[in-house]
Every structure is written in C-alpha cells, then in structure tokens.
Q: 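Quick one: this structure, given as structure tokens, is what I'll be asking you about.
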Amino acid sequence: MIKPLLFALSLLITIGIFAWTTRRYVNFFRLTKPFPVGNWVRRFGVMMTVAFGQSRILRKPVVGLMHALVWWGFLVILIGSIEMVIDGLFGTERALHVLGPVYDVITASGDVFALIILIAIIAFMVRRIFMNIRRFTGIEMKHISHQDANLALSLILLLMVSLLGMNAFYYMEAWGHGGMVGVYPVSQHIAKWFAGMPGGAVHAWHEVFWWAHILLIFIFANILPYSKHFHVFMSVPNVLLSRLEPLGYLPNMPQVTEEVKRMMDPNLAFAAPAEGETAVISRFGVMDIEDITWKNYLDALACTECGRCTEVCPANITGKKLSPRKIIMDVRARMREKGPGLVNDKAYADGKALLRDYVTEEELWACTTCNACARECPVNINHPSIIVDMRRYLVMEEAKGPGELNAIFTNIENNGAPWQFSPEDRMKWAEGIFINA
Ligand code: SF4
Ligand code: SF4
C-alpha cells in the first residue's frame, strides 16, 4: 500500500513541476506572431520520414545510425515506462503482459535497445569529451552548453543502467517463482553475474533499480525543458509543423502586401481605419523577440545544438562571423531573458534587443541565403527565414543595408532598375548594332 502512495506522490510532484514549465512556455508562445500551417497530409509524411525515419540524421552513416538507434530505442522503452506508471499507481507487476506475444516483442526489443543506447551514449560521451569534433565548438558553444550535454548524456546512461538492472533482478526473482512474463535477452545474461544471491537481496535490488529508473525518468522529464535535450520533446512537433515550401522560397511580408493592396484601391487608400484596426503597422521584420513567429520560437526550442548547420555554412567555413546555430540559440536565449518581463507587461523593455545585443549586423549580412543550413538540419529548422526577417527590419525600418545594397535600392527607386542609368538610356548600348528596342 505504501508503494502506490509514494509513487502517486512523486508522480504528482513531477506533473506539477512539468505543468508549471509548460505554462511558462505557453506564455512565451503567446508573445509571438502567427505563422500559417496547412496541408496536414504532406506534413504527416514529412514527420514520418524526417522525425521518425531519421532521414537527415542518417546522412552521416555511422554517427547517424547510432543516434537513430537511440531515438528508436527511446520510443520502445517509452512503452515500458508507461507500464511502470500503471504498476506504480495500481500496485500491479508488469501490467502490460496482457498483450501476450506483443509484450514479449516489446520487452525483448526494449532490453536490447537499452544495451544499444548504453553503448551509443558511452561513445557519444567519449566523442564529446576526448575528441576535438569541430562542430561541437564555436563562440556559441559556451562551457554551460557542454555541461548541459554531458548532464543529459549521464542521465540517459543511468537510465539504461537502472533499466537493465531492474530487468536482470526481475528475471532472477520471477524465474525462481515460475511467474515470469516477457523476454529479456540481455538482462538474463546480466542476471547470471548475481547467481547465488539470496532471494531477499534479489527482491531488494529489484526495488532499488525500479525506483531508481522511474525517479530518473521523472527528473529527466523536468530537466529536459531547460536543456538542449528539449529536442526530445520538441523535434517531432517541429518537423510536423516545418515549412513545406521549397528551400530558398521567401514569403511576401503580409504587412507589405496589405499596404500595396490599400494603395491600389482608392476606396481603401484614404479610408479611416475600421474599429479595432491599427492605422500604423507595428514593425517590419524582426528586431526583438516579440516580432518573431511562433514557428521561429519552436525552431529555437527544437534545436539540438548539433552544429550540422554551422558545419556546412559557407560563410562560417570561410571565416565569417556567422554561425546559423548561434542565431537559433540566440532566439532561445533572448526569449528566456525578455519573455518573463513581456508576459507581465506587454510594453516591457529592458534596453536590449535580439538584433545587435545578440545577433550583429555583420552576422546577418554574411549570410548568402544558400539554405545549406536548412537542408542539413535534422529537425527541419529554417535559419534563413529569421535571418532575412532581421535584415528586413534593418532595411525597411532603419534603411541600414550594406552600402552596395543601398545603392541598388536607390537605383530601383529612382530608375526602376538596379543600375545607375536613367530608364531612357537603357537601350543606348544597342545603338548602331541593329537591334530594335
Ligand atoms: S539548427 Fe539544426 S542543424 Fe543547427 S544546431 Fe540546431 S538542430 Fe543542429
Ligand atoms: S543560408 Fe546563410 S546561414 Fe545558412 S548555410 Fe547559407 S550562408 Fe550559412
């Protein structure tokens, strides 16, 4: 009786903290601008290929396969975690055994995946700590980023050790009583290491590993939203809601479209704004966190900090200041900094902005909009969209493009073309060479 009570209490605390965190994020999302989504059938296909099929991760065969196995293993082990919650609340043991042969497949694959994940995580930690992998470095990769990654990897390691320990002692205990359910191809071998242990000790160790595993899950679930490993939760929705247009497509700004429509319609051009409609557009482009769309913010939360985007960025490779990973991490950091103030007061200002205090003009103009970063990102983040939106702010609100672009803009305005010639002179080059204008 005491076990279900203790379990219910720890589950309640976990849900309470998680609900508080979720509310905080929902409030942050409320600060953002709309972003249209549709075409759910195609979205579902993209989610199955990119998120569940891990198609982009698998472009790197060895590391990609290891990561994909960890992800698929998590999905299988999740079923076992749900079973533990049922067992914990109702005092049952291995409640999902009612699934019969399916249960054998679930337990066997979960047991094997636990070992695979354990080995993969050790390999990931060795790579991170002892090998100088370029994509794990960069100005945005501060000490805290590495600590964050190592903490999450250590927790996953402990989760797998406790899972295998729990299965091994369950196997010993249940085998002795003849009431074993499920199949444990890995743990049954681990169990042999403890052969001869008294029954009471086996039971006690099973309880220790059971509690250790479920409490680690609860702790992990509440640490994740504050870590880069939040992508465990956010990557699937981010891929589902990703942009479906071809890479490189730049959408028109709805505010500009609206303005042009108004100008073309004499009835609207001079009409007074309708009730509830603002006559002045708040801002063109993105200057600070309240200008981003909810998709920009979802991108920032889904970023795994893997560095695949920066690794292929031609600007970064050629020594420019730009790192697409940094831009995405900056969005997340700025929301963390300014978001709480804005939640309490829509007019809150702290004298800083995403533009310049986080992302400099130099970084923005270094981007060639080649889209290599967006093509490579395993969770379908679109970096150029926010880079271009910040540029739009600079050009449209502050007239601060690079010198060459400003000259082009002036020419387009004055001559209707990017060149510094009057439209009347445009065909001068053809004079005397028998070409009709
Ligand atoms: S933006 Fe994408 S590719 Fe870049 S670090 Fe984040 S998850 Fe990796
Ligand atoms: S689109 Fe910009 S940020 Fe992305 S890879 Fe190309 S240059 Fe780098």
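When a ligand or atom number is given, it counts from 1 through the structure's own listing order. All of these numbers come straight from a predicted model, not from anything done at the bench.
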Q: Which atoms from ligand 2 have a heavy atom of N371 less than 4.0 Å away?
A: 1 (S), 6 (Fe)
Q: How far is atom 4 (Fe) of ligand 2 from the closest protein heavy atom, and which atom is that?
A: C373 SG, 2.3 Å
Q: Quick check on E305 - does any of its heavy atoms sit under 4.0 Å from an atom of ligand 1?
A: yes
Q: Verify whether one side chain among E424 and S422 offers a donor that lies under 3.5 Å from an acceptor in the other.
A: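 E424 vs S422: donor-acceptor pair found between side chains.
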Q: Heavy-atom contacts with P314 under 4.0 Å: which atoms of ligand 2 show up? List them by number with element.
A: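 Contacts of ligand 2 toward P314, numbered from 1: 5 (S), 6 (Fe).
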Q: E363 and T360: side-chain donor and acceptor closer than 3.5 Å?
A: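 Their side chains do contain a donor-acceptor pair, which is all the 3.5 Å distance test asks for.
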Q: With a 4.5 Å cut-off on side-chain heavy atoms, are V63 and R127 touching?
A: yes
Q: What are the atoms of ligand 2, with element, lying closer than 4.0 Å to any heavy atom of T368?
A: 2 (Fe), 6 (Fe), 7 (S)
Q: Count the heavy atoms of every other residue, nucleotide or ligand shown that sit under 6.0 Å from CD of E398, and state whether that count exceeds 12.
A: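 Atom CD in E398 is packed in, count exceeds 12.
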Q: Once the angle between the rings of F7 and F218 is folded into 0 to 90°, is it parallel (under 30°), tilted (30 to 60°) or perpendicular (over 60°)?
A: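 Plane angle between 30° and 60°, so tilted.
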Q: In the protein, what heavy atom is nearest to atom 3 (S) of ligand 2, and what distance, to one decimal place, separates them?
A: L322 CD2, 3.5 Å
Q: Which residue owns the protein heavy atom closest to atom 5 (S) of ligand 1, what's the atom, and how far is it?
A: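 Checked against all protein heavy atoms, atom 5 (S) of ligand 1 sits closest to G307 N, 3.1 Å.
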Q: Work out whether the distance between some heavy atom of H383 and some atom of ligand 1 is less than 4.0 Å.
A: yes
Q: Looking only at side-chain N and O atoms, does N415 offer a donor or acceptor that is under 3.5 Å from a partner on R426?
A: no
Q: For atom 2 (Fe) of ligand 2, what's the nearest protein heavy atom and its distance?
A: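 Of every protein heavy atom, C367 SG, 2.3 Å lies nearest to atom 2 (Fe) of ligand 2.
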Q: Hey, does the Lys NZ or Arg CZ of R94 hover above the aromatic six-ring of Y170, less than 6.0 Å from the centre and inside 45° of the axis?
A: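 Positive - R94 is close enough to the ring of Y170 and near enough to its axis.
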Q: Can you name the one residue among R59, K60, R325, R308 that meets salt bridge (Lys or Arg N to Asp or Glu O under 4.0 Å) with E376?
A: R59
Q: Please determine whether C370 has a backbone or side-chain N, O or S atom lying under 2.8 Å from atom 6 (Fe) of ligand 2.
A: yes
Q: Report the part of I381 (side chain from C-beta onward, or backbone N, CA, C, O) that has a heavy atom under 4.0 Å from ligand 1; answer both or neither where that applies.
A: side chain
Q: Within a distance under 4.0 Å of any heavy atom of T304, pick out the atoms of ligand 1 and give their elements.
A: 6 (Fe), 7 (S), 8 (Fe)
Q: Give a yes/no verdict on a cation-pi contact between R23 and W20, requiring under 6.0 Å between NZ or CZ and the six-membered ring centre and an angle within 45° of the axis.
A: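 No, R23 and W20 do not form such a contact.
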Q: Can you pull out the closest protein heavy atom to atom 6 (Fe) of ligand 1? Residue, atom name and distance to 0.1 Å, please.
A: C303 SG, 2.3 Å
Q: To the nearest 0.1 Å, how far is atom 8 (Fe) of ligand 2 from its closest protein heavy atom, and which atom is that?
A: C313 SG, 2.3 Å
Q: Which ligand 2 atoms are under 4.0 Å away from a heavy-atom of P384?
A: 1 (S)
Q: Using only heavy-atom distances, determine whether the side chains of K400 and N406 contain a donor-acceptor pair under 3.5 Å.
A: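 There is no such pair (donor and acceptor under 3.5 Å, judged by atom type) between the side chains of K400 and N406.
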Q: Looking at T369, which atoms of ligand 2 are within less than 4.0 Å of one of its heavy atoms?
A: 1 (S), 2 (Fe)
